[in-house]
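Report on the following structure.
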Amino acid sequence: MNLEGYLEKYFGYTNFRPGQKETIMQIMDGKHTLSMLPTGTGKSLCYQLPVYIMNKPAVVVSPLLSLMQDQAEQIRVRGEKRVVSFNSFLSFEEKRYALNHLHTYRFIFVSPEMLNSKQLLEGLKKLDIGLFVVDEAHCISQWGYDFRPDYLNLGPVRKELGYPLTLALTATATPAVRSDIIRELGEDGFTEILSSVDRSNIALRVEKCSSYEEKQERLLTLVKDLQGPGIVYFSSKKTAETAASLLQRNGTGRTAFYHGGLEQEQRILIQQQFIKGELDLICATSAFGMGINKENVRYVIHFQMPMQMESYVQEIGRAGRDGKDSAAILLYLEGDEGLQLNFIENELPSGNQIRGIMSYLRSKNPSSSEELSQIMLHEDLAGFFSLNEIQLRITQHLLQSVNDMDDFNTVQADMIGFVEKRKEAKIQKLRSLLNWVHTDTCRRTLITRYFQQDILQKPEQCCDNCGMNIGAYYQTDMPDNVDESRLVFDWKEELIDMLIPGRNE
DNA sequence: CGGGTCGCACCTAAGTGCGACCCGGTGCTTTAGT
């Protein structure tokens, strides 16, 4: 049977979407594959179909619990019951049961952190794994070196499992990030399947504002005028919340905010309401997005710029999944990059902090790396050297690789070298994005060039520098002379509010 | 970098205006012992 035959047999579809078949062919050919497919093209089919053809289980590493639950649920809805998600949602009993029945599953979802569990790893070793999948594989490069170091453990895990056939999936990765992913996964010889990062139905626009007030005003106007639903991205939780209530007071109606500080339940609720069309606007931090499969998002506004082009492309890519015209608008105020610079400066320990910690540890005169770990464990290093949680973790992580107790100076120099290099790399990425903000040439061309690709086709509505017409994205049912009071008092909304109490809570 | 909050000065009272200061994003994990 050919691949189309399997596709129809197991999923009922007659055609593959771009990139799916090429990816699956490589997998069936036994080749480790890194596949860069645009968001919303059904990346999960790329591992699901091979599971059935090979009749062997897949281990899927997923960055978010919600994403894991979501994909597991989608598979179950299809009628496949042999699915398990290894994460903290499982009780001890459930975990034990799942471990004892590991061989019965076809889809085993895990978080990178969970792979630290000896029992899980031992269990997985006994399986004949058909495919080891790393979903949203750019996380390895983006988070592995600081925020979530367990992402760097995937290489050793693969080795431990005997280098199972591997599929890394992502939507946005530069050639440098892709080689980073492949290197960290611990093996050369990955085949790459690449689609374009260009989304021709998303028009690109940057508007420069001369004051914070002007930017706020502009946001209000845009949100009123633009055809929704939409997402507005902010760089701080507080700003997202404040803006959401400001917009609501100005008659935006069905608006909510979303960030990592919300309770898990609340986050799921807001996501669901947005997807079902019960909310028109989300004011969010970068926490919002991964795994949001909403077809008809019409615009994405950035009230503050993200840290790098990859994030920007991911975030605007949540618009126009249905292929219809959508707009991406970035509001820029001189100095906006300062906040991102600040994040970069603070996420890694500084040279001084490292020097302080090292001289303190040196004074304790540990004779082995075990003794060193003991000191790390029992002393309040974070308190003494005012490290935040992530800085502490990176420090511990870097010190773990210390084998030779004799040469603290070398280790110290290595550590400082590492953080300096990381910071410089991040600042460089921020600079690229800033150049893009300030460019007066075609923005689409510049994005594709950043990913070392070519533009697919220049759409009519390309970008502000090519003369896009923002009016084309305004609501069509809006009269030209709008009575302001009518915008504030929307009787339909008020009526719905009366009929559905507590809707806006 | 910029916004929010706090305390203070004003000078005779309730609210304003100013400077100092602080803080900001992304997520996984939590099984021991009475």
Side-chain angles (χ1 to χ4, degrees), chain A residues 61-69 85-96 99 109-120 135-136 138-154 172 209-216 233-243 245-246 257-264 267-268 283-292 302-308 310-312 314-315 331-348 386 388-394 396-397 426-427 429-430 434:
Chain A
V61 181
S62 173
L64 302 181
L65 298 178
S66 59
L67 201 62
M68 224 183 269
Q69 300 296 97
S85 300
F86 267 93
N87 57 38
S88 55
F89 289 165
L90 292 189
S91 66
F92 181 57
E93 288 301 312
E94 289 169 325
K95 225 173 271 178
R96 199 173 56 185
L99 275 172
F109 288 91
V110 295
S111 63
E113 286 78 7
M114 211 31 122
L115 287 171
N116 285 327
S117 153
K118 281 274 176 294
Q119 290 110 311
L120 177 58
D135 199 7
E136 307 287 356
H138 57 277
C139 293
I140 293 177
S141 176
Q142 201 170 320
W143 284 348
Y145 299 103
D146 34 55
F147 185 48
R148 291 177 70 178
D150 290 312
Y151 257 105
L152 294 193
N153 206 28
L154 293 182
T172 46
C209 306
S210 51
S211 70
Y212 192 79
E213 292 71 34
E214 187 188 322
K215 194 152 87 161
Q216 262 181 332
Y233 278 105
F234 299 85
S235 292
S236 96
K237 302 176 197 171
K238 214 171 242 172
T239 326
E241 288 190 23
T242 317
S245 69
L246 185 72
F257 59 84
Y258 183 104
H259 54 65
L262 299 178
E263 295 292 321
Q264 189 77 262
R267 292 176 66 159
I268 291 169
C283 295
T285 61
S286 57
F288 189 72
M290 251 193 248
I292 305 276
H302 279 81
F303 190 78
Q304 279 145 334
M305 64 191 289
M307 202 179 280
Q308 53 180 43
E310 285 94 324
S311 314
Y312 184 69
Q314 285 259 351
E315 286 164 8
L331 300 179
Y332 176 77
L333 175 63
E334 188 82 42
D336 271 355
E337 63 278 12
L339 179 58
Q340 300 299 339
L341 261 178
N342 200 284
F343 284 141
I344 294 173
E345 285 298 328
N346 290 330
E347 69 190 340
L348 293 164
S386 49
N388 63 33
E389 187 200 339
I390 293 159
Q391 290 171 333
L392 175 68
R393 201 169 41 208
I394 299 162
Q396 287 171 331
H397 185 81
K426 290 201 170 191
I427 290 173
K429 288 197 165 208
L430 178 61
L434 199 59

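All values below come from the heavy atoms of this structure, side chains included, with hydrogens, waters and symmetry mates left out. Protein chains get the first letters and strands the later ones, always in sequence-line order, with residue 1 at the start of each.
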Quick check: closest heavy atoms across [X] and [Y], and the distance to 0.1 Å?
X	Y	result
A/Met68	A/Ser111	CE-N, 3.5 Å
A/Gly144	A/Tyr151	CA-CB, 3.8 Å
A/Leu430	A/Pro306	CD1-O, 4.0 Å
A/Lys215	A/Phe303	NZ-O, 2.7 Å
A/Ala240	A/Cys283	O-CB, 3.5 Å

Under 4.0 angstrom, heavy atoms only, what part of the nucleic acid is [X] near: base, sugar-phosphate, or nothing?
X	result
A/Leu333	nothing
A/Glu389	base
A/Asp336	nothing
A/Pro63	sugar-phosphate

Could I get the full list of side-chain hydrogen bond (donor to acceptor under 3.5 Å, both in side chains) partners for [X], not counting sequence neighbours?
X	answer
A/Ser286	none
A/Ser85	none
A/Arg96	A/Glu93

Between [N] ([atom2]) and [X] ([atom1]): distance, integer Å:
X	N	atom1	atom2	value
A/Glu113	B/dC28	CD	C1'	4 Å
A/Lys215	B/dG2	NZ	C1'	10 Å
A/Leu392	B/dC28	CG	P	20 Å
A/Met68	B/dC28	CE	P	7 Å
A/Phe303	B/dC1	CZ	P	18 Å
A/Asp150	B/dG27	CG	C1'	11 Å
A/Lys118	B/dT29	NZ	P	17 Å
A/Glu136	B/dG27	CD	C1'	14 Å

- Taking the nucleotide of DNA chain B with the closest heavy atom to each, which residue, A/Gly335 or A/Ser62, is nearer the 5' end? A/Gly335
Same-atom distance ([atom1]) from [N] to [M], integer angstrom:
N	M	atom1	result
B/dA13	B/dC8	C1'	15 Å
B/dC21	B/dG27	C1'	30 Å
B/dC11	B/dG15	C1'	13 Å
B/dG25	B/dG4	P	13 Å
B/dT26	B/dC22	P	23 Å
B/dT29	B/dG33	P	23 Å

- Toss me the dot-bracket line for DNA chain B: Watson-Crick and G-U wobble, both under 3.5 Å, 5' to 3', using | for pairs to another strand and [ ] for crossers. ((((((((((....))))))))))..........
- Query: Which glycosidic conformation, syn or anti, is assigned to B/dT16 if syn requires a torsion within 90° of zero?
  - Reply: anti
- Item | Contact state string [nucleotides 17-26 of chain B, B base, S sugar-phosphate only, - no protein heavy atom under 4.0 Å] | -------BBB
- Query: Taking the inter-plane angle between the rings of A/Phe288 and A/Tyr258 on a 0 to 90° scale, is it parallel (under 30°), tilted (30 to 60°) or perpendicular (over 60°)?
  - Reply: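 Ring orientation, 0 to 90° scale: perpendicular.
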- Item | Residue pairs passing the salt bridge (Lys or Arg N to Asp or Glu O under 4.0 Å) test where at least one lies in residues 141-151 of chain A, sequence neighbours excluded | A/Glu113-A/Arg148, A/Asp146-A/Arg422, A/Asp146-A/Lys426
